[in-house]
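Both ligands and their constituent atoms are indexed starting at 1 by order of listing. Both backbone and side-chain heavy atoms feed into the values below; hydrogens, waters and symmetry mates do not. Everything numeric in this text was worked out from a predicted model, so none of it was measured.
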Amino acid sequence: MAKIVIALGGNALGNTPAEQLELVRETAKPIVDLIQDGNEVVIAHGNGPQVGMINLGMSAAAEAKAIKSDMPFPECGAMSQGYIGYHLQNAIGNELVSRSIKKEVATVVTQVLVDENDKAFQNPTKPVGSFYDKETAERIAKEKGFVMVEDAGRGYRRVVPSPKPIDVIESTAVKELIRGGCVVITVGGGGIPVIRKNGLLYGTPAVIDKDFASEKLAEIIDADLLVILTAVPKVAINYRRPDEKWLSSMTVEEAEKLSAEGQFAPGSMLPKVQAAVMFAKSKKGRKCIITSLDKAKEALAGETGTVVSL
Ligand code: ADP
Ligand code: MG
């Protein structure tokens, strides 16, 4: 029995509400397997397509004057946490009922503290929302103060910063829910980024990497294990090359060396390996497994996945 933070990747969720509701039924099964085995499970997840959809819909409606004002990005993040959280609550709840396990599933709308002096704020990199032609992009940039950049020949897009998470604001609530026997969904989409000014918190348009936010959460709630579930069963070196090699384990030292060699794609596998290293280093005995959703159970039994430990 262990305290486990599961970070769900994009492939565990869906691109439309109908698709997602269908998909999360499958996602729920390996999660409930872990719960059934007696583990305390906390779930974090990404929100790229979902927050994109909400943001896009809201800005299109605002542009068309169908609604009075645009929906700010932190609010879009909050909406995505509620939407995804509801689907996970529904699916995990139903799976628990079908196995006669009496447990409640609750989503905590979560703010995650970032530092306004984080260098990321000087260099926004994360594209969000629609593509615009140059003229519209320039007009919106002027009207709303957005940073717009040309995105690989596909048009202009807003970019927001991706600062590092410092703290999970609602962590006591999360811990109490775990103590009360609930399955908790938190730091969705990396959390709603907030900065602190004179003791007060303010939402800020940014995207916190969900792998880093999950790692921070795992440290704060004193988890034993961080399980990062993604589209691949293991981490590879020489990925997609003829000499590709799938790794069953990496020490922190090896992971750092391979990261420095550029073995892991920034923006996809690198943040996972970095999060794994951070967690394994944070306290003796902590480890991280990177694997796919369908292999979660086997990976926990040590049969597959990539384990990162000291
Ligand atoms: P998620 O939504 O789970 O965060 P990402 O697409 O961001 O998913 O990251 C997972 C992807 O990283 C894998 O599907 C794989 O295509 C890619 N990837 C990049 N480098 C590697 C590597 N060295 N080993 C395995 N997968 C890699
Ligand atoms: Mg990712």
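- The pair Arg286-Asp222 counts as a salt bridge, with a side-chain nitrogen and a carboxylate oxygen less than 4.0 angstrom apart.
- No salt bridge links Glu40 with Lys103; every basic N to acidic carboxylate O contact stays at or beyond 4.0 Å.
- In the vicinity of Gly267, heavy-atom distances shorter than 4.0 Å reach the ligand 1 atoms 7 (O).
- Annotation for ligand 1: atoms under 4.0 Å from non-hydrogen atoms of Gly10 are 1 (P), 2 (O), 3 (O).
- Inclusion of Arg240 in the set of residues having an N or O under 3.5 Å from an N or O of ligand 1 is not warranted.
- Nearest-residue assignment for atom 27 (C) of ligand 1 (options Tyr239, Trp246, Phe264; heavy-atom criterion): Tyr239.
- At a 3.5 angstrom cut-off on N or O pairs, Val235 does not count as close to ligand 1.
- Taking a cutoff of 4.0 Å between a charged side-chain nitrogen and a carboxylate oxygen, Lys3 and Asp224 do not qualify as a salt bridge.
- Put simply, no part of Pro271 is less than 4.0 Å from ligand 1, judged by heavy atoms.
- The closest protein non-hydrogen atom to atom 26 (N) of ligand 1 is Met269 CE, 3.4 Å.
- Put simply, the residue from Leu96, Leu177, Ile35, Leu88 that forms a side-chain contact (heavy atoms from CB on, under 4.5 Å) with Val105 is Leu96.
- The atoms of ligand 1 that sit less than 4.0 Å from any heavy atom of Ala231 are 14 (O).
- Counting heavy atoms of neighbouring residues, nucleotides and ligands inside a 6.0 Å radius, atom CD of Glu143 exceeds 12 of them.
- Side-chain heavy atoms closer than 4.5 Å link hydrophobic residues (I, L, V, M, F, W, Y) into clusters, and following such links, possibly through other members, connects Val252 to Ile237.
- Of all the atoms in ligand 1, the ones that sit under 4.0 Å from a non-hydrogen atom of Lys272 are 1 (P), 3 (O), 4 (O), 8 (O), 9 (O), 10 (C).
- For ligand 1, the polar-atom distance check against Asn11 finds no nitrogen or oxygen pair separated by under 3.5 Å.
- The protein heavy atom nearest to atom 6 (O) of ligand 1 is Ser268 CB, 4.0 Å.
- In this structure, atom 23 (N) of ligand 1 lies nearest to the protein heavy atom Ala236 O, 2.7 Å.
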> Does the salt bridge (Lys or Arg N to Asp or Glu O under 4.0 Å) test come out yes or no for Glu138 and Lys142, once each step is laid out?
Replying inline: CA-CA 6 Å; Glu138 281 171 357; Lys142 218 168 163 184; over 6 Å; no

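- Ion pairing between a basic and an acidic side chain is recognised when a charged N comes within 4.0 Å of a carboxylate O; Lys281 and Glu215 show no such pairing.
- Between Glu253 and Lys257, none of the side-chain N atoms (NZ, or NE/NH1/NH2) sits under 4.0 Å from a carboxylate O, so this pair counts as no salt bridge.
- The distance from ligand 1 to the heavy atoms of Thr230 drops below 4.0 Å at these ligand atoms: 1 (P), 3 (O), 8 (O), 9 (O), 10 (C).
- The backbone N or O of Gly188 lies less than 3.5 Å from a partner atom in the side chain of Gln81, making a donor-acceptor pair.
- Contact atoms of ligand 1 toward Gln263: 23 (N) (distance under 4.0 Å to a heavy atom of the residue).
- The distance from ligand 1 to the heavy atoms of Ala265 drops below 4.0 Å at these ligand atoms: 19 (C), 20 (N).
- Every N/O-N/O distance between Asp211 and ligand 1 stays at or above 3.5 Å.
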